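Given the structure is predicted, the values throughout are model-derived calculations rather than measurements.
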Amino acid sequence: MKSLEQQLKEYQAAEMIPMHMPGHKRNAEIAPYLNRLSEQWDITEIDGFDNLHGADGILKEAMDGASRVWGSDASYFLVNGSTCGILAGIRAMTKRGDRILVARNCHKSVFHAIELCGLQPIFVLPPLMEPGIFGSVAPKQVEEKLKEYSDCKLVVITSPTYEGVISDITSICKIVHQKNIPLIVDEAHGAHLDFHPYFSGGAVKAGADVVVQSLHKTLPSLTQTAILHIKGSLVDKERLEHQLSVFETSSPSYLLMASIDGCVRQMTKERFCGWEQALITFYQTTSSLKNLRILQKTKEQFLKDPSKIIIFSHNGFQLGEELRNRKIEPELIVPNFVLAMTGMGDTRQTLQALADALSEIDRLSFDEIKSEPLIPLIPEQVMLPEQALEQEFELIAPADAKGRISAEYLWSYPPGIPFLIPGEEITFLPETSLHSTRGQYPQTIAVVKDTKPLDIRKKL
């Protein structure tokens, strides 16, 4: 078998232009510290290098610096990605059995936290902005759900989404804080927001209580690096720090932490190195495409991060293949669009290469795909995820699953948004292949074997 090192060497030699994560885009010129990080610096918690879970030295100073940069009350380095921050944040802000309000388009880490903590989720479903793309969570939706379920202890939403759709966090904060309820925002894709007028809508500035960001997605930092910010009086800092020590490794990589520190310091200097101007030029250049459509302006009720380039096509798979043939690797390819994710490491040259490729491809004839994107829905919740996963299960054909109770997750990945979660009644299943946890969907799906405990409906 070919080694990972050899595979990486061959891929680098191919000189593909990365229109996907991570944000440094293999461009060491904008962030020299990335080029300097090497195995000589791979150490452990030796004298003079502090301890992440109890920092009082160099790491505390670095995290305090991050807090000043983002304007939070406190910030914490995460080397297990945003996932560990989401898990720790939800665990710290709830008690077992609590009811929480959750946007249905949240990342699977939110659903895993619900499962692990035995929480009762109440879902809010954002409207579709475009086929296959969730819009923003409306403040009115949150307000109405909290009136209906006044005992909710926490609200969790994603902003921006994988496709870059941003919710009105300021208004949502006002609603939840009036009820003394904290808000957690999964801002994994928005660490760059509010550092430049072109990129607005950040959750820390808006007043969210806990904000989790993946630095590597858009900023110059190594993959797996993230940060958690807290703000306000509704967060129990000691409880949060304890949960971070539970969900984050006790042997944090100093290479990753040095990358986070370097990224934070970079954000205090020259910010985006012309990234925003390169994007402005790109959108202007591609505005006259005839067969492809770039999502440039969103509908009035939505705000979109311009760093996420969404290219609609009659055949997203063919578009993706044509881009790859031109040495451009997209972040996501689905039937009706392609997502090109830009980052701080992008330049006029890389975005011009994408614009030129799209201009060429725009002249080609594509076979139209009739496949419809998944229709978002919220099935009836019959059992809590934690309970459903503890039941005996059986694997059956999806055609026989109507009316049964799911014993597994079904989700598309990326971005990791569940179509179905354990404990929900199955009323509709798509024909397309999704990632599953127990079955081999679409060949089989795992369902609860004994469906007698349906009286739990009365309790939920």
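Distance alone, capped at 3.5 Å, is enough to place a donor-acceptor pair between the Ser82 side chain and the Ser214 backbone. In this structure a side-chain-to-backbone donor-acceptor pair under 3.5 Å is missing from Asp186 to Ile86. Looking at His53, its side chain never comes within 3.5 Å of a backbone N or O of His242 through a donor-acceptor pair. Although no hydrogens or angles enter the test, the distance criterion places no donor-acceptor pair under 3.5 Å between the side chain of Glu163 and the main chain of Ile133. Listed for the Glu329 side chain is no donor-acceptor partner under 3.5 Å among the backbone atoms of Pro18. Here the side chain of Gln224 pairs no donor or acceptor atom with the backbone of Leu256 at under 3.5 angstrom. Within the 3.5 Å criterion, the main-chain N or O of Ser171 finds a donor-acceptor partner in the side chain of Asp168. Side chain of Gln141 to backbone of Leu125: a donor-acceptor contact under 3.5 angstrom is found. Between the Trp70 side chain and the Ala191 main chain, a donor and an acceptor come within less than 3.5 Å of each other. In this structure, the side chain of Ser167 engages the main chain of Val137 through a donor-acceptor pair within 3.5 Å.
Remark: Leu183 CG to Lys231 NZ distance equals 12.5 Å, nearest 0.5 Å. Note that OH of Tyr409 is 5.5 Å distant from CG of Leu389, once rounded to the nearest 0.5 Å. Remark: Leu420 CG to Thr427 OG1 distance equals 8.5 Å, nearest 0.5 Å. Expressed to the nearest 0.5 Å, how far CD of Glu248 lies from OH of Tyr76 amounts to 11.5 Å. One distance of note links OG of Ser313 with CD1 of Ile369; it measures 8.0 Å at 0.5 Å rounding. If you take OG on Ser136 and CE on Met129, they are separated by 8.5 Å, rounding to the nearest 0.5 Å.
Heavy atoms of other residues, nucleotides or ligands lying less than 6.0 angstrom from CD of Gln443 number more than 12. In Arg239, the CZ atom is crowded: over 12 heavy atoms of neighbouring residues, nucleotides or ligands sit closer than 6.0 Å. In this structure, Glu238 places its CD atom where only 12 or fewer heavy-atom neighbours from other residues, nucleotides or ligands lie under 6.0 Å away.
The shortest side-chain heavy-atom distance between Lys153 and Leu119 does not fall under the 4.5 Å cut-off. Residues His192 and Ser307 meet the side-chain proximity criterion, which asks for heavy atoms closer than 4.5 Å. At a threshold of 4.5 Å between non-hydrogen side-chain atoms, the residues Phe199 and Trp275 count as touching. Within the 4.5 Å cutoff, no side-chain heavy atoms of Met344 are placed close to those of Phe195. In this structure the side chain of His189 reaches within 4.5 angstrom of the side chain of Met341, judged on heavy atoms. For the pair Leu354 and Ile17, the minimum side-chain heavy-atom distance is 4.5 Å or more. Phe366 places a side-chain heavy atom less than 4.5 Å from the side chain of Ile361. Looking at heavy atoms from C-beta onward, Tyr254 lies in side-chain contact with Glu45 at the 4.5 angstrom threshold.
Considering Leu193, Thr218, Val204, Leu228 as possible partners of Gln213, the one that fulfils the side-chain contact (heavy atoms from CB on, under 4.5 Å) test is Val204.
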Requested in this report: Just do the side-chain contact (heavy atoms from CB on, under 4.5 Å) check on Ile169 and Ile157 with the steps written out, would you?
Outcome: CA-CA 9 Å; Ile169 304 300; Ile157 67 171; 3.4 Å; yes
**Report entry** Ile396 and Arg404: CA distance, side-chain angles, deciding distance, side-chain contact (heavy atoms from CB on, under 4.5 Å) verdict
**Finding:** CA-CA 10 Å; Ile396 64 173; Arg404 301 295 295 273; 4.2 Å; yes
Requested in this report: Apply side-chain contact (heavy atoms from CB on, under 4.5 Å) to Phe282 and Thr342, showing your working.
Outcome: CA-CA 11 Å; Phe282 168 84; Thr342 72; over 6 Å; no
Requested in this report: Evaluate the side-chain contact (heavy atoms from CB on, under 4.5 Å) criterion for residues Ile417 and Thr158: first the C-alpha distance (whole Å), next the side-chain angles of each, then the deciding distance (0.1 Å), finally the verdict.
Outcome: CA-CA 11 Å; Ile417 297 173; Thr158 298; over 6 Å; no
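For Ala66 against Phe77, the heavy-atom pair with the smallest separation is CB-CE1, 4.2 Å. Looking at every heavy atom in both residues, Leu78 comes nearest to Gly85 through CD1-CA, 3.8 Å. The two residues Asn336 and Pro131 come nearest to each other via the heavy atoms ND2-O, 3.0 Å. Arg91 and Cys117 get closest at one heavy-atom pair: CD-SG, 3.4 Å. Scanning all heavy atoms of the two residues, the minimum distance from Arg104 to Phe419 falls at NH2-O, 3.3 Å. Considering every non-hydrogen atom in both Lys327 and Ala14, the closest pair reads NZ-O, 3.0 Å.
No side-chain donor-acceptor contact under 3.5 Å links Asn291 and His314. At a cut-off of 3.5 Å, with distance as the only test, no side-chain donor of Gln120 or Tyr149 sits close to an acceptor on the other residue. For the 3.5 Å distance criterion, the side chains of Ser75 and His229 qualify, holding a donor opposite an acceptor.
Ion pairing between Lys304 and Glu130 fails under the 4.0 Å rule for side-chain N and carboxylate O. In this structure, Lys308 pairs ionically with Asp305, as a charged nitrogen and a carboxylate oxygen lie closer than 4.0 Å.
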